[in-house]
Protein chains: 2
Amino acid sequence: MSNPLPVVDVTGAACCAPLARSPISETDAERVAVMFKALGDPVRLRLFSNIASAEGGEACVCDIQDVGVSQPTVSHHLRKLREAGLLESERRGSWVYYRVDPDVLAVMAELLAPVSA
Amino acid sequence: MSNPLPVVDVTGAACCAPLARSPISETDAERVAVMFKALGDPVRLRLFSNIASAEGGEACVCDIQDVGVSQPTVSHHLRKLREAGLLESERRGSWVYYRVDPDVLAVMAELLAPVSA
DNA sequence: TGTCGACATCGACAACCATCGAAACCGCGT
DNA sequence: ACGCGGTTTCGATGGTTGTCGATGTCGACA
């Protein structure tokens, strides 16, 4: 596990100024849209929230897969979230633990920060 | 104009606690996902940023439609953003002006607020 | 070594979506 | 009344996505 996958790099470089401050560039829009799109599904949103609010900031798949869809579908959505750079995963024994990327919440919140105006 | 359309209501009710504080409910996830999905497209993200960062907080379609797609497509994306509750529109003379819903940035930023931990 | 449980991948299918050109709509001058 | 420029709506189309059951992989534990 641990990401031998195409994953967007959010942490690197100044990504980005608040959307309300200055027009986002085409290339930045491409990268950022991937993150928002990843949260643009109810099931993924619940999985993400379940993990983000879990004890210790991480959760095993078995603890969060009760969201009304089949197990392969849960796995599919977790993969999407990981490829979007929102989650990290690690295998420990029989279980796989997911946690929220440490920077991603701050980055996205900054993007949506209201500008003083 | 001015919204004779199905539009999600974000402002009303406590929507929501930060995703990282407690697991989001199924119904809230449904509503919130619509907003994130709306920003989950590079073209819409640029349109939104163009409007949010414009002078006076609003922009005419003619000022922002240079994003590399046809004009009907721009209109389609603006409609999506409006239906998601992110934008408001108003016709003034020949032109239609869009502005960011006054509450939406704060609401979404709050959703993504990192919890102290 | 063999089996079991947790999780990921595969293949298929229906639903959805971004995009376009054409056409309709709507104020505003003339 | 007419035409015009700005904007939306319509219809079609190709690509993407969410979902599932079946199958594969990987540790753990007899």
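Only heavy atoms go into these numbers, but all of them, side chains included; no hydrogens, no water, no symmetry mates. Being a predicted model, the structure only gives us computed values, none of them experimental. Order of the sequence lines fixes the chain letters, A, B, ..., with proteins taken first and strands second; residue numbering starts at 1 for each chain.
Contact annotation: A/Tyr98 side-chain N/O to C/dA8 OP1/OP2 distance is under 4.0 Å. Note on B/Lys37: every side-chain N or O is 4.0 Å or more away from OP1 and OP2 of C/dC16. Close to D/dT19, at under 4.0 Å from its OP1 or OP2, lies a side-chain N or O of A/His77. Between B/Ser70 and the phosphate of C/dC20, there is a side-chain N or O to OP1/OP2 separation shorter than 4.0 Å.
To the nearest angstrom, P of C/dC7 lies 21 Å from NZ of A/Lys80. Look at CZ on A/Arg92: it is 17 Å from P on C/dA6, rounded to the nearest Å. D/dG27 atom C1' lies 15 Å from atom CD of A/Glu90, rounded to whole Å. Remark: C1' of D/dA28 and CZ of A/Arg91 are 10 Å apart, rounded to the nearest angstrom. Remark: C1' of C/dC7 and CD of A/Gln65 are 9 Å apart, rounded to the nearest angstrom. If you measure from atom CG of A/Leu81 to atom P of C/dA8, you get 12 Å, rounded to the nearest angstrom. When rounded to the nearest whole Å, the span between CG of A/Leu47 and P of D/dT19 equals 10 Å.
At the heavy-atom level, B/Ser75 lies under 4.0 Å from base atoms of the strands shown.
Two different hydrophobic clusters hold A/Val61 and A/Tyr97 under the rule that ILVMFWY side chains link at heavy-atom gaps under 4.5 Å.
Of the candidate nucleotides D/dT19, C/dT9, D/dT7, D/dT19 has the atom nearest to the side chain of A/Val43. Of the candidates D/dT7, D/dG18, D/dA28, D/dT7 carries the atom nearest the B/Val96 side chain, counting heavy atoms from C-beta on. Counting only heavy atoms from C-beta on, B/Val69 has its side chain closest to C/dT19 among C/dT9, D/dT8, C/dT19. Proximity note for B/His76 (side chain, C-beta onward) versus D/dT7, C/dT19, D/dG21: the nearest is C/dT19. The side chain of B/Arg79 lies closest to D/dT9 when the candidates are D/dC20, C/dT19, D/dT9. Picking from D/dA28, C/dA18, C/dC20 the nucleotide with the shortest atom distance to the side chain of B/Arg44 gives C/dA18. The side chain of B/Val61 has D/dT7 as its nearest neighbour among C/dG21, D/dT7, D/dG18.
A heavy atom lying under 4.0 Å from DNA chain C marks none of the residues of residues 51-60 of chain B.
Inter-residue side-chain proximity for A/Ser89 and A/Val96 is flagged as met; some heavy-atom pair is nearer than 4.5 Å. Between B/His77 and B/Thr73, some side-chain heavy-atom pair lies under the 4.5 Å cut-off. With contacts defined as side-chain heavy-atom distances shorter than 4.5 Å, the pair B/Leu86/B/Asp101 does not qualify. Residues B/Glu110 and B/Val107 fail the side-chain proximity criterion, which asks for heavy atoms closer than 4.5 Å. Using a 4.5 Å heavy-atom cutoff, the side chains of A/Ile51 and A/Leu78 are in contact.
Taking CG of B/Leu39 as the reference point, atom NZ of B/Lys80 lies at 12.0 Å (rounded to 0.5 Å). Of the inter-residue distances, the one linking B/Glu58 atom CD with B/Glu88 atom CD reads 10.5 Å to the nearest 0.5 angstrom.
Residue A/Gln71 places no side-chain atom within donor-acceptor reach of the base of C/dA6, judged by atom type and a 3.5 Å distance cut-off alone.
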